[in-house]
Every structure is written in C-alpha cells, then in structure tokens.
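Nothing here was measured: the structure is a model prediction, and the numbers come from that model.
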Amino acid sequence: MWRVIILRRVRAAAGVRMNVRDAIYIGLLSLPLVLIIASLMIGLYTISVENVTRALLSPVFPDLAAGLTQTEITLVQRIRLPRVLSAALIGATLASTGVAFQGIFKNPLVDSNLLGVTSGAGFGAALALLLGGTTFLVQGFAFGFGLLAVSLAYLGSRLYSSAPMIVLTLMGILIGSFFGSLTSLMKYVADPLNTLPAITFWLLGGLTGVTWDSLPILAVLTVLGGAFLWLVRWRLNILSLGDAEAATLGMNPNHLKLGIIVCATLMTAAAVAVGGVIGWIGLVIPHAGRIIVGPDHKRLIPASLALGASFLLVIDNISRTLFPTEVPLGILTGLIGVPLLIGLLRRNRTGW
Amino acid sequence: MMMLAAKNISHAYTAGVPVLKGISLTLARGTILYLLGRNGCGKTTLMQCLSGTLRPESGEITFEGKAIHAYTPTERAQRIGLIPQLHAPSFAYTVREMILMGRAPHLGVFGTPSKADYAIANDALASVGLAHYRDRPYTQLSGGERQLVLIARGLAQKCRILLMDEPDAHLDLNNQQRVMEIVQQLAAEGLSFIVTSHVPNNALLYAHRVLLMKAGRVLSDGDPTHTLTEPLLSDAYEMATEVIYETLDETRIARAILPRRRL
C-alpha cells in the first residue's frame with residue numbers, strides 16, 4: 001500500500017521534474033531576445049521599453065516614430081543595435097563552437113582556439129594596428145590570419161598519415177604559440193605611447209567601435225555556421241565517442257569533423273575580428289550549458305547558442321555602464337563568469 | 001545460406017608482417033561464435049574486418065551473399081554492429097542517450113531521434129533488463145551494466161550480427177554470467193554473436209561454436225567439444241593446458257580449462 005503511494009509520488013515528481021527541465025530549456029532559448037531588448041534600454045541615457053520597441057519598428061511603420069526624440073532613435077538604431085546584435089552573435093559563436101570542438105576532440109577542456117584561430121587573428125590585428133590600419137584593415141587582417149593559422153595547422157597535420165586528430169591538435173597548439181610569439185614581437189616593437197595600448201586593448205576584447213559596417217560578414221558567417229552546427233548537433237554525440245565507434249555506427253567521422261572545423265573556424269575568425277580576443281566563453285559556457293540541460297548535444301548546441309549570446313550581452317552591458325570608461329570584455333568575462341560557474345557547479349547533477 | 005562468411009582473409013598493417021594469414025569462417029543465424037587465441041593472434045583485426053571498418057588486403061567477406069563493401073557504411077551498420085570494450089565517454093550521457101546513438105545508421109546526417117526512435121531505445125533497454133536505468137548517467141554505471149547498455153545500443157541499431165570485443169574483460173563472475181545470459185537469450189531469438197575472449201571457460205559455458213586462432217591462422221573451428229581439447233588449447237596458448245571433465249548420466253562434459261601445473 002505505502003509502496004504504491006510512494007511510487008506514485010516518485011513518478012509524479014519525476015514527471016514534474018521533466019516538465020521543469022523542458023521549461024528551463026525553452027526559457028533559456030528565449031532569453032537572448034529579452035536581453036536584446038533590455039540591452040537597448042540600458043545605457044547612460046535610459047530608454048523605456050515602449051520607446052525602444054517603437055524605435056525598432058519605426059523603419060517599417062514610420063507612424064511609430066512620432067513622439068520619439070531624435071536622440072532616442074539614433075541611440076537605438078545606430079549606436080546600440082549594432083553593438084547589441086554583435087554581442088549576441090559573438091557570444092553565441094564562441095559558446096557553440098566551444099561545444100562543437102569539445103565534442104569532436106572528446107575533450108571538455110578545449111575551445112575553438114585549439115587550432116590557433118584566435119592566436120592567428122590576434123597577430124593579424126596587431127600587425128594591422130602597427131601598420132596604422134583602419135578598423136576595416138584590422139578586422140580584415142584578424143579574419144585572414146585567423147584562417148591562415150588553422151590552415152597551416154591542418155596542412156601540417158597532413159604531413160603525417162597516422163593519428164590525424166592528435167597530430168592536428170599538436171599542430172594547432174604549435175601554430176597558436178608561434179602566432180602568440182609573433183604578437184609579442186608586434187607589441188615589443190610598437191610605439192608604447194599609442195600603438196601598444198591600442199594592441200593591448202584589442203587583445204582584451206571589446207565592442208566599443210562596432211558600427212553597422214562590421215555586422216554583415218559577422219552576421220552571415222555566424223548565422224550560417226550556427227545553422228550548420230544546429231543541424232548536425234545530434235551527430236556530435238556520436239563523434240564524441242571517437243572515430244572507431246562512429247565508424248561502426250555507419251559514419252565517416254572525418255568528413256563531418258572537417259566540416260565542423262571549417263565552420264567553427266570561419267565563425268570564430270569573424271567573431272574575433274569584430275570583438276577582439278574575448279576569452280573564457282568558449283571554454284566555460286559549454287560547461288554551464290551541460291549543467292543546465294545535460295550533455296546531449298541535441299539540446300546543448302541550442303542551449304549554448306542562447307547562453308553564450310545572453311552571457312556576452314550581460315557582460316557588455318556591465319562593461320559599458322559600470323564605470324565612466326569601458327572595461328575590456330576579456331577582463332569581465334573571467335571576473336563575472338568564474339563565480340557564476342562555481343555557483344552552477346554546486347548544483348551539478350550530471351557529474352563528469 | 002550463411003549470414004556472414006569470410007573467405008581467405010589476409011591483412012598486414014606493415015608490408016611483410018601479416019597479421020591475418022588466410023582466415024575463413026562462416027556464421028549462421030542465432031549462433032554464438034567465440035574467437036579464442038593469444039594476445040596478438042589477430043582477433044581484433046579480424047573483428048575490424050568483419051565489422052567492415054577495415055578492408056582486408058585480400059580475401060572476401062560477404063553478408064547474405066553480398067560483399068560487405070558493396071553495402072554503404074550506413075547499410076552495413078544496419079546489419080552488423082560492434083560492441084566495443086568497456087569505455088567511459090568524455091561526457092556523462094544518460095543511458096537512453098547512449099542507446100539512441102544506435103539509431104544513427106537509421107537517421108540522416110541532419111536527423112535527430114524521433115518518438116519512434118525513443119520507443120525503440122526503450123524496448124532495447126527493457127530487453128537487457130535495465131528499463132529503470134533510463135535517465136541515469138552512463139558514466140556512473142558499473143562495468144556489467146555498461147556492457148548491457150552497449151548491447152542494448154546494438155539492439156536499437158537493429159543489426160543481425162553483434163561483434164563483441166572481450167565482453168568479459170573487467171567484469172566479475174556474476175556480471176559475466178549476467179551479460180552472457182542476455183546474449184544467449186538474444187541468440188535464441190535469432191541474433192548472431194561473434195565474441196572475442198581471453199576466458200576459455202566462458203566459451204565452454206556459452207559458445208555454440210569456437211574458433212581457435214594462432215598467429216593469424218585458424219587452428220581449429222567447430223563445435224566446442226571438438227575445439228576445446230587439451231592438445232588444441234595447449235597449441236593455441238603455447239602452454240600445457242588441462243581440461244577437467246565431469247561425468248553426468250554417463251555423458252562426459254568439459255567443466256573447466258586450466259593451465260597444467262605441478263602442485
């Protein structure tokens with residue numbers, strides 16, 4: 001008798017728990033939208049949610065612009081929106097490519113910089129700044145050198161036919177530190193009064209200079225790349241078991257892995273080119289995602305896209321409002337993210 | 001007709017050092033075939049060839065009369081599954097998520113498991129007797145339970161032959177029995193198994209057929225009463241081996257295989 005009642009209670013509790021998990025997942029996916037609106041409101045000049053919505057919709061419905069000041073329209077449409085959108089895209093990119101790399105390299109301690117894309121991009125940006133380049137040149141160099149670094153690592157790994165993934169990882173680390181040294185060289189020879197601070201600031205990450213001009217390439221690459229990762233998300237489970245097991249489950253793991261590496265590299269290079277080196281997100285947001293929705297990539301990829309976007313939106317809001325001058329993102333991600341993750345770890349139920 | 005047939009398989013990883021030297025075998029429906037032999041005799045290479053993931057240099061492997069490499073990798077994985085040795089994945093997937101991965105050859109690259117796939121996974125889990133473990137993290141299960149989950153994954157894969165790489169490694173006596181009894185039950189339902197093992201006593205207990213390998217060749221292949229004999233086992237393991245018999249109702253049954261030692 002008692003056993004039946006207890007069993008029923010346990011089953012009911014389990015059912016409720018599943019519903020709570022589903023609700024958390026759906027809530028998580030809609031979080032970036034809420035935060036985008038909130039981020040458009042926040043700033044030195046606070047704008048109400050109604051006015052933000054009206055300013056956003058006014059290009060389509062001109063009537064809605066009535067009653068808004070020109071400052072509000074300019075702030076929302078021209079200054080805050082490109083910055084907010086790029087923060088969301090970059091956060092989503094770094095987190096989701098981190099998940100993808102952790103999956104295909106079977107290692108929860110890596111992010112998409114494993115093959116050197118960020119290190120290459122950092123050098124490209126430093127070189128462009130040393131040459132006195134424009135924003136356009138800095139972004140172009142960062143993007144190009146990011147891709148170059150990963151290509152070199154990939155070509156290097158082709159020299160050896162056995163154990164390609166291990167050699168690829170090793171090559172990535174080698175090429176990454178090579179470009180790291182080149183970046184140090186750029187800093188060493190840079191003018192310490194103006195060029196060196198510019199390089200240092202860029203390497204710490206920030207979205208200060210982001211305008212609409214920076215957005216198209218970033219948006220196209222990250223949306224297409226993110227869509228690809230979304231589509232193959234369940235296959236990441238199988239890739240994470242290793243090549244031999246994936247093969248016995250009927251997959252050619254190498255083709256899909258190469259596709260994911262190309263995709264993640266393009267996304268990361270575009271993100272770093274616009275936002276600079278924003279560390280930490282790609283390593284730790286995947287863990288936060290696993291704690292919240294579990295390790296199944298079917299949910300983890302969507303969750304990490306949403307969580308990464310939300311996290312960087314919050315960090316960027318703090319960066320531009322907390323102090324009179326902006327605090328670089330690369331500093332804040334660690335300062336705020338570490339206590340946050342330690343808090344989440346206390347509630348970890350997956351165990352790994 | 002035989003389900004799986006290998007004819008004169010040879011393979012070398014490095015030229016001049018052959019690992020397999022002309023192996024032939026056949027496998028009928030509902031059979032448990034044990035592969036026994038010393039470390040390095042070529043068991044694992046043979047299993048990789050039979051699973052279709054490694055293409056032997058010469059010889060032919062057919063499934064239901066058709067060359068195994070004439071099937072696409074997906075088609076092949078719908079017919080032949082491989083249960084790897086116990087491992088811990090890097091991520092703590094739940095038991096059901098692990099089993100769902102067996103549906104991979106039935107789904108497109110962009111596919112995710114549907115309600116039907118979840119139902120198949122639940123059935124597979126029930127047939128190994130672990131229905132109540134559905135939402136437990138796979139990494140927290142004991143070795144025997146993990147082995148059963150991997151079998152369930154093979155069932156969800158809906159293949160006709162399951163290759164098992166040392167299912168008795170790292171398992172205690174009780175769990176070896178638990179796993180192999182499930183295997184026997186599934187074989188009775190028509191599934192075929194090829195099992196590699198370093199425990200010849202388990203071949204005595206569970207094999208329908210035994211293939212003894214030595215240095216890349218077949219030493220003997222057939223009924224356990226004909227293959228698990230002192231001279232053949234001594235040859236295969238290159239040591240004096242003793243088979244202990246027991247007479248029950250005037251039938252002599254082999255009960256244990258032991259190394260011959262002077263006591």
Side-chain angles (χ1 to χ4, degrees), chain A residues 7 10-11 14 17-18 21 99 102-110 162 227-256 259-260 286-287 289-291 293-302 348-352, chain B residues 13-14 44 47-48 50-54 71-85 87-94 96-114 117 132 134-140 150 153-154 156-157 159 162-163 165:
Chain A
L7 267 178
V10 168
R11 279 195 197 126
R17 213 187 68 211
M18 287 313 284
R21 284 192 65 186
V99 168
Q102 293 182 2
I104 62 178
F105 288 95
K106 302 188 289 176
N107 185 345
L109 301 175
V110 304
S162 64
F228 179 75
L229 292 183
W230 182 297
L231 284 172
V232 300
R233 66 195 190 281
W234 187 69
R235 291 275 155 178
L236 279 169
N237 284 353
I238 292 155
L239 290 177
S240 78
L241 299 178
D243 289 1
E245 236 171 307
T248 64
L249 290 169
M251 278 183 74
N252 182 334
N254 295 329
H255 291 174
L256 189 55
I260 289 170
H287 289 283
R290 271 183 213 108
I291 291 166
V293 302
D296 184 358
H297 290 85
K298 189 181 170 185
R299 282 193 168 184
L300 184 56
I301 284 283
N348 183 12
R349 44 175 192 79
T350 54
W352 74 94
Chain B
Y13 291 105
T14 13
T44 307
M47 291 285 261
Q48 285 175 344
L50 294 174
S51 73
T53 50
L54 178 70
Y71 294 95
T72 65
T74 324
E75 287 171 345
R76 207 190 55 230
Q78 289 167 1
R79 289 160 176 81
I80 303 170
L82 190 133
I83 296 173
Q85 278 189 40
H87 60 28
S90 311
F91 305 104
Y93 298 117
T94 66
R96 184 163 64 172
E97 284 158 7
M98 273 307 277
I99 293 174
L100 277 170
M101 294 190 207
R103 299 303 297 156
H106 301 271
L107 297 171
V109 180
F110 298 147
T112 56
S114 67
D117 296 311
H132 53 295
R134 213 178 65 177
D135 297 317
R136 293 266 301 268
Y138 173 80
T139 44
Q140 287 176 10
L150 291 176
R153 191 178 75 186
Q157 205 174 330
C159 32
L162 280 179
L163 310 175
D165 195 6

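- The shortest side-chain heavy-atom distance between B:His87 and A:Glu245 falls under the 4.5 Å cut-off.
- Going from atom CZ of B:Arg153 over to atom OG1 of A:Thr248 covers 6.0 Å, rounded to the nearest 0.5 Å.
- Options B:Gly108, B:Ser51, B:Gly102, B:Ala88 differ in how many heavy-atom pairs under 4.5 Å they form with chain A, and the most are formed by B:Gly108.
- Distance check, rounded to the nearest 0.5 Å: CD of B:Glu97 to CZ of A:Arg299 gives 9.5 Å.
- Interface remark: B:Pro105 contributes backbone and side-chain atoms alike to the contact with chain A (heavy atom separation under 4.5 Å).
- In this structure, the portion of B:Thr53 lying under 4.5 Å from any heavy atom of chain A is its side chain and not its backbone.
- Counting only heavy atoms from C-beta outward, the side chains of B:Met98 and A:Leu241 approach each other to under 4.5 Å.
- Side chains of A:Trp234 and B:Leu107 form a contact here, defined as non-hydrogen atoms less than 4.5 Å apart.
- Considering all non-hydrogen atoms of both residues, A:Leu249 and B:Gln157 come closest at CD2-OE1, 3.5 Å.
- Among the candidates A:Ile238, A:Asn252, A:Leu256, A:Asn237, the residue making the largest number of heavy-atom pairs closer than 4.5 Å to chain B is A:Asn237.
- For chain B, the nearby part of A:Lys298 is the side chain; its heavy atoms alone come within less than 4.5 Å.
- Other residues, nucleotides and ligands place no more than 12 heavy atoms under 6.0 Å from the NE2 atom of A:His255.
- Among all heavy-atom pairs drawn from B:Phe91 and A:Gln102, the shortest one is CZ-O, 3.4 Å.
- Between chain A and the residues B:Ala104, B:Gly154, B:Ala77, the largest count of heavy-atom pairs under 4.5 Å involves B:Ala104.
- Residue A:Phe228 holds its CZ atom at 5.5 Å from CZ of B:Phe110, rounded to the nearest 0.5 Å.
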